[in-house]
Amino acid sequence: MIRIINGEVYDPINGINGEVRDIFVDDRSIAAAGAGGTTIDAAGMVVMPGGIDMHCHIAGPKVNIARKMRPEDHRNDVLPRTQFTRSGVGGSIPSTFTTGYRYAAMGYTTAFDAAVPPLAARHAHEELNDTPVVDKGFYTLMGNNEFIMQHIASGEKEIVRNFAAWLLNATKAYSIKLVNPGGVELWKSLGNAHTLDDEVTGFKVTPRQIIQSLADASIELNLPHRVHIHCNNLGIAGNWETTLETMKALEDRQGHLTHIQFHSYGGTPGGLFHSKVVELADYVNSHPNLSVDVGQVMFGDTTSMTGDGPLGYLLYQVTGRKWVNVDVENEEGCGIVPIEYKDKSHVHATQWAIGLEWFLLVKDPWRIALTTDHPNGASFANYPRIIRLLMDRGYRKESMQHVNPKALADTTLPDLDREYSLYEIAIITRAAPARLLGLAKKGHLGVGADADITIYDKNDNKEKMFSVPRYVIKDGQILVEDGHLREDVSGRTFYVTPEYDLEVEKEIRKYFDAYYTVEFENYPVQLEHYLPRREAVMCRDIK
Amino acid sequence: MTTLHLKFRSNFPLDTESITPDQFKDKPVSEIARLPALLGNQAGALGDFFTIMDDSSPVITLEGDLGRVKHIGAGMTEGKIVIHGNAGMHLGAGMRGGEITVHGDTGDWAGAEMTGGKIHITGNAGHGLGGAYRGSRHGMNRGLILVEGNAGNETGALMRRGLIVVLGNVADFAGAFMLAGTILVFGKLGARTGAGMKYGTIVTFHQPELLATFHYDCVYRPGFLSLLFKSLRSQGLPVEAGWAAGSFRRYSGDFNTLGKGEVLVYAQDER
Amino acid sequence: MVFEHAVCAFCGCVCDDIAVTVEDGRITQAKNACVLGKAWFLSHGQPSDLPAARINGHAVSLEAGIDYAASLLSQAHYPIIYGLSSTSCEAQRQAIALSETIGGNLDCCTSVCHGPSGMAVQGVGEPTCTLGEVKNRADLLIYWGSNPAESHPRHMTRYAVTPKGMFIPNGRKDRTVVLIDVRPTPSSRAADILITPKPGKDFELLWALRGLILGNKIEEASLAETGVTLEQLTDLAIRMKKSHFGIIFIGQGLTQSRGKHLNTTAAFMLVRDLNRTNKFALMPMRGHGNVTGIDNVLAWQTGFPFGVNFSKGYPRFNPGEFTIVDVLSRDEADLIMSVASDPIASLPATARKRAAEVPMIAIDTHESETTRRAQVAFIAATAGIGAEGTVYRMDNVPLHMDKILDLPFPSDEELLSRLHTRVKELKS
Amino acid sequence: MPEGKLTLITGRSTRQGAGISTGKELEEYQTATTVILLSPIDMERFGLHDKDAVRLKTRFGSATVTCRSGDLPAGIAFLAFGPAANQLVGGDTQLSGMPDTKGFEIEVEPIPA
């Protein structure tokens, strides 16, 4: 039993906005009342649910090749072992132990990897098992799956839905992820998809059909988190039209558009960017079926890693730095390039401003989540600074002094005076991601919720405040005090088990025999072995 | 300033990133003796491994066979270190200023990624002299390295600025992927000299075997070399009188990268 | 009893279509396996009367062996744990944890296999793919310094050359195979084009080929030393430019000959440049069963793929400094622990000299020169036969190995974790 | 190629590879790793016949093996990975961790029967 008394509580899901009230923890959950045990006097402190990162890249082959590729990213940011924590390295692609510890030390207790190729699901689970403290899961890539494209083309909606369900079960993933739908397949012959209606050579489908079919599947399967979309044309000037088209293509279907910052550019391909956030945010504001996370860019050196192969090559051409490309049989691809965002660069400054515009122009905080698309826009270690940029207009204006003025002038950022409240911060970093993910016991402090709690000392400098929580409680255990981890624990992995018609396996087996290099029987991830600590999230009708 | 004498010989690497004038500055011997050092995996202090004597000299003097002592002078910004004996790996790696003289041989990565200062090695240097660590974008970036003996592979690899002078021979991949800077080799060069070089100059007195992507341009008298030779001569290096006025065969390359680098070969090298 | 779809963890192909027959406690058949796979399944799938633990050659209880080994490990000042290529990722995890606790070096067979390929990735990156992409799309295959017929016998038949694929309807007929090696090998027969450079000239050749691909002038004379004519090289360049999906499989002919990591770097840059106009990939022909696994586990746990040092309590990486051959040849190590490998038989004489001077602990699935020489020797159940676990294929595809048979020995994973527990007790 | 010198390639062979599993103490592995292949031209140059014993030397060590004529270019010899080959390899990895195991010069000394 833990009693947290006298704290200023921010729990948006339960409509609690800074009231001083006591929180009771019984075992692993929030309780209505209780006595005895530990008491934390949180007078003058802010109490929030544990943070949730709904889109980051922390596990799986792409992340790991990036680690292998960048010793220089690691050797100057090292973590010695302690009596109870493992050693590791940081940088933009931290080792797994460091990733878990640093999320926890920052008050984050849940994180989802956003792009795992199904064929490598086993690998992602192995890494997640070595990522301590946080609860986790991943979305698996389906937007360029050749089996899916073939059956969309032949109009076999049932088979597509059953296959998607089978694949989620086989990979023990949490949701369906689309990355540059159709474009990554085209990249396998050096092409790309430039509009929603480009035909994917050899498959007679278009990105539009892929988006609609898999959005339907995610709804029909009642996935707790609906389809998670990385649009076509990421990072290309003028891509905002594609983004708008994608939103329209969803019609009234629920869908999440990720790292929207990277998809909000006006201009002509190859040329300079300018912001189209106003237009896109208007559309999002007026369409409650849509949600976004930002993918904020922060200045400095980081590593771009994406399932978007052609984008990886584009970044290699722009930066001239080392480049990894991996094409995954019948499924996906990926591209990795180190990148340094410079405040004096017109393009980078525009990206920085666009991200902030998104935060400030979306009216409903319940449909926007704070992310950097770690590590693509910046490392997750930047979240506290981003929070300060949102809460502190003065700091924001001061920061604008250092970035390319021409770029800023082409955005509305200088005119935006909105400041986030602690309540709104609690929404975009906790409550909203929990809701968008359909995690009923996360992101709030109501009775029965998981006892993941972060307690901050109040501080006018919000970056300081959010960098070093006073306490972090995970599953009812006090793990962090004053930013120091007191104990090493393992979180659990969330996954879904949607039902499907077993008949589909006959089709799939045939497909494996013809085109895969692993046996159908050896493909599915063994639940007991690879998810030793797990929680299946039910797929039920949430309407 | 201070003299350190290695107390005993051990097979274990002794890692002492703390032996720099910056760290010793204004410290009494008692404090210097408490600076960290690591023998194998055993954390200790300089005093455990060195007899430390204070003297009037303004330099740090090291004595004994320091062939297994790593990171001497690494990252130093000022002052002088003189080593009587061999020095281990990473000597002066990342140094930004000051001067290190080694009366003996050094291990690999001497002067790797240094950004200033001077390293003088009277014996042989190992591999990666003035080079880059794995994954880094550049090696040596400003400063001077002078080796009287031979140097190993990847000498000046990914070099960005500065000067490396080797009186003896240099093994394979001298100046590989160098971005700029100058490498002057009195002896013979190994294979793949200047592979992938963008800009920069490699000067030699013996015709090296060059890659197919280096092309012969002309014979000429590069003005900047006569200046370089004069200054080297003034430092007492065996620079022959004829060189300053001598002609050089110019090969440009590496055309697989940019082709703006040059390998200059002394035209009368049939001596 | 027959196990269908068993996974063969002998070489980097990690074929998972083996039908293994077990009769009265031994493996009697391994259908679909190649000669190397059959040898692996059959010889490891046998009962053994070797003692599970020995100290200086005398059989002891497992506890006694673990106690003694743990005391050696906990006292070592510059130990190195080496091998780990022929075991499961679960065991590899334990080895890394142990190495961290004792502040030692940890290196794997990668450093004497494709470490130089890993270093090339750190320099210039890597355009690659999974083997299924090759099966479904590759119309030009180049084996450079590799002899798959002897090192990876099913590579050509199951994955790369003969199979039909989605865009390769006629299999072998739709593909051109080029073999580049300094000597004719049993693989030569499978090739349409043979190129035989002089030893130690791979870099020069790759660099000239890059030049041709980039449109630079290459003079016949400049190739004289390579043993390859400009005509041969130009023909190869043209074929590369005409291919729809080409791949170079690089072997130890590049990683172990003069130039090493810069040979592989040249190959990676060549393939990178080709992608301006052609879909082209590259894949190192990783050798032992799970050598790709140890690279992966090391990378996600420490940030570095091989040759990691924990003396300072955190991971450091520097090939040539913390790698097995260097640590031993420089006489630095004061203890060697070998896991699922046979360093005494496989390392250069200079390294073995040191190995003979210092205490050695060996964990292996069978008797070897290393187990015979070790102060403490443990016999373990072979991962993939007597123990379950994870294995990574040469293209980083992870597979799960089931336990096929009860062997009278603990798994590497169990041994290592018990050793670690004991070491922690001794250290505290 | 200077008198008495050859360029040695060491590497995998099927029998050496199988021997790793079946047992390195077995004769098959022993043979697989102690037979050096020479080109017919070099066999003749050294006056050697199949199964003759030769001593191989480098500055790092020496090994005695038997020779066999094989399909190799003149000046190149092949010896499978194994204890014999390792005797000839040095420890300088030139910043790579990898010793020079392919394409190094060896001295070949026929041992009179």
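Just so we're on the same page: letters track the sequence lines, and every chain starts at 1.
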Visitor: Of all heavy-atom pairs between Thr350(C) and Val89(D), which one has the smallest distance, and what is that distance?
Guide: OG1-O, 4.3 Å
Visitor: Where does Leu88(D) contact chain C at under 4.5 Å (heavy atoms): side chain, backbone, both or neither?
Guide: neither
Visitor: For the candidates Pro319(C), Ser151(C), Ala39(C), Ser329(C), which exhibits the highest count of non-hydrogen atom pairs separated by less than 4.5 Å from chain D?
Guide: Pro319(C)
Visitor: Between His261(C), Gln252(C), Gln46(C), who has the most heavy-atom pairs with chain D when the cutoff is under 4.5 Å?
Guide: Gln252(C)
Visitor: If you count heavy-atom pairs within less than 4.5 Å of chain D, which of Pro186(C), Pro199(C), Gly307(C), Gly251(C) leads?
Guide: Pro199(C)
Visitor: Considering only heavy atoms, which portion of Phe10(C) lies under 4.5 Å from any heavy atom of chain D: side chain, backbone, both, or neither?
Guide: side chain
Visitor: With chain D as the partner, which of Arg330(C), Glu369(C), Arg183(C) has the greatest number of non-hydrogen pairs under 4.5 Å?
Guide: Arg183(C)
Visitor: Check whether Ala351(C) gets within reach of chain D through its side chain, its backbone, both or neither, counting any heavy atom under 4.5 Å.
Guide: neither
Visitor: In Å, rounded to the nearest 0.5 Å, how long is the span from CE of Met285(C) to CZ of Arg12(D)?
Guide: 9.5 Å
Visitor: Counting neighbours of CZ on Arg15(D) that are heavy atoms of other residues, nucleotides or ligands and sit closer than 6.0 Å, is the number greater than 12?
Guide: yes
Visitor: Checking heavy atoms, do the side chain of Arg352(C), its backbone, both or neither come under 4.5 Å from chain D?
Guide: side chain
Visitor: Under 6.0 Å from the CD atom of Gln30(D), do we count more than 12 heavy atoms belonging to anything else shown?
Guide: yes
Visitor: So do the side chains of Pro184(C) and Pro73(D) get within less than 4.5 Å of each other, counting heavy atoms only?
Guide: yes
Visitor: Judged by modelled atom types alone, do Thr14(D) and Glu150(C) share a side-chain donor-acceptor pair under 3.5 Å?
Guide: yes
Visitor: Take Gln256(C) and Asp100(D) through the side-chain contact (heavy atoms from CB on, under 4.5 Å) test and state the conclusion after the steps.
Guide: CA-CA 6 Å; Gln256(C) 298 184 330; Asp100(D) 298 280; over 6 Å; no
Visitor: If you count heavy-atom pairs under 4.5 Å with chain C, which of Gly82(D), Gly61(D), Gly90(D), Ala85(D) comes out on top?
Guide: Gly90(D)
Visitor: For Phe78(D), is it the side chain, the backbone, both or neither that has a heavy atom under 4.5 Å from a heavy atom of chain C?
Guide: side chain
Visitor: Which heavy atom of Val112(C) sits nearest to which heavy atom of Pro99(D), and what is that distance?
Guide: CG1-CD, 4.0 Å
Visitor: Side chain from CB out, backbone as N, CA, C, O: work out which of these in Val327(C) comes under 4.5 Å of a heavy atom of chain D, or both, or neither.
Guide: neither
Visitor: Might you confirm whether atom CD1 of Ile41(D) has over 12 heavy atoms from other residues, nucleotides or ligands at distances under 6.0 Å?
Guide: no
Visitor: If we ignore hydrogens and angles and just use 3.5 Å, is the side chain of Lys260(C) paired with the main-chain N or O of Met98(D) as donor and acceptor?
Guide: yes
Visitor: With a 4.5 angstrom heavy-atom cut-off, could you sort out which part of Gln94(D) is near chain C: side chain, backbone, both or neither?
Guide: both
Visitor: How far does NZ of Lys102(D) sit from OG1 of Thr255(C), to the nearest 0.5 angstrom?
Guide: 7.0 Å
Visitor: Begin from the C-alpha positions of Asn86(D) and Leu347(C) and carry the test side-chain contact (heavy atoms from CB on, under 4.5 Å) through to its verdict.
Guide: CA-CA 6 Å; Asn86(D) 296 328; Leu347(C) 291 179; over 6 Å; no
Visitor: Answer with side chain, backbone, both or neither: which region of Thr323(C) has an atom nearer than 4.5 Å to a non-hydrogen atom of chain D?
Guide: side chain
Visitor: At a 4.5 Å cut-off on heavy atoms, which part of Glu321(C) comes close to chain D: side chain, backbone, both, or neither?
Guide: neither
Visitor: Can you tell me how far apart OG1 (Thr7(D)) and NZ (Lys198(C)) are? Round to the nearest 0.5 Å.
Guide: 10.5 Å
Visitor: Quick one: NE2 on His366(C) to OG on Ser21(D), what's the gap to the nearest 0.5 Å?
Guide: 7.0 Å
Visitor: Nearest 0.5 Å, what's the CG-CG distance between Asp326(C) and Asp92(D)?
Guide: 8.0 Å
Visitor: Compare every heavy atom of Met119(C) with every heavy atom of Leu95(D), then report the nearest pair and how far apart it is.
Guide: O-CE, 3.2 Å
Visitor: In terms of heavy-atom contacts, does CD of Glu25(D) have more than 12 from other residues, nucleotides or ligands at under 6.0 Å?
Guide: yes
Visitor: Hey, could you give me the OG1/NZ distance between Thr22(D) and Lys38(C), rounded to the nearest 0.5 Å?
Guide: 14.5 Å
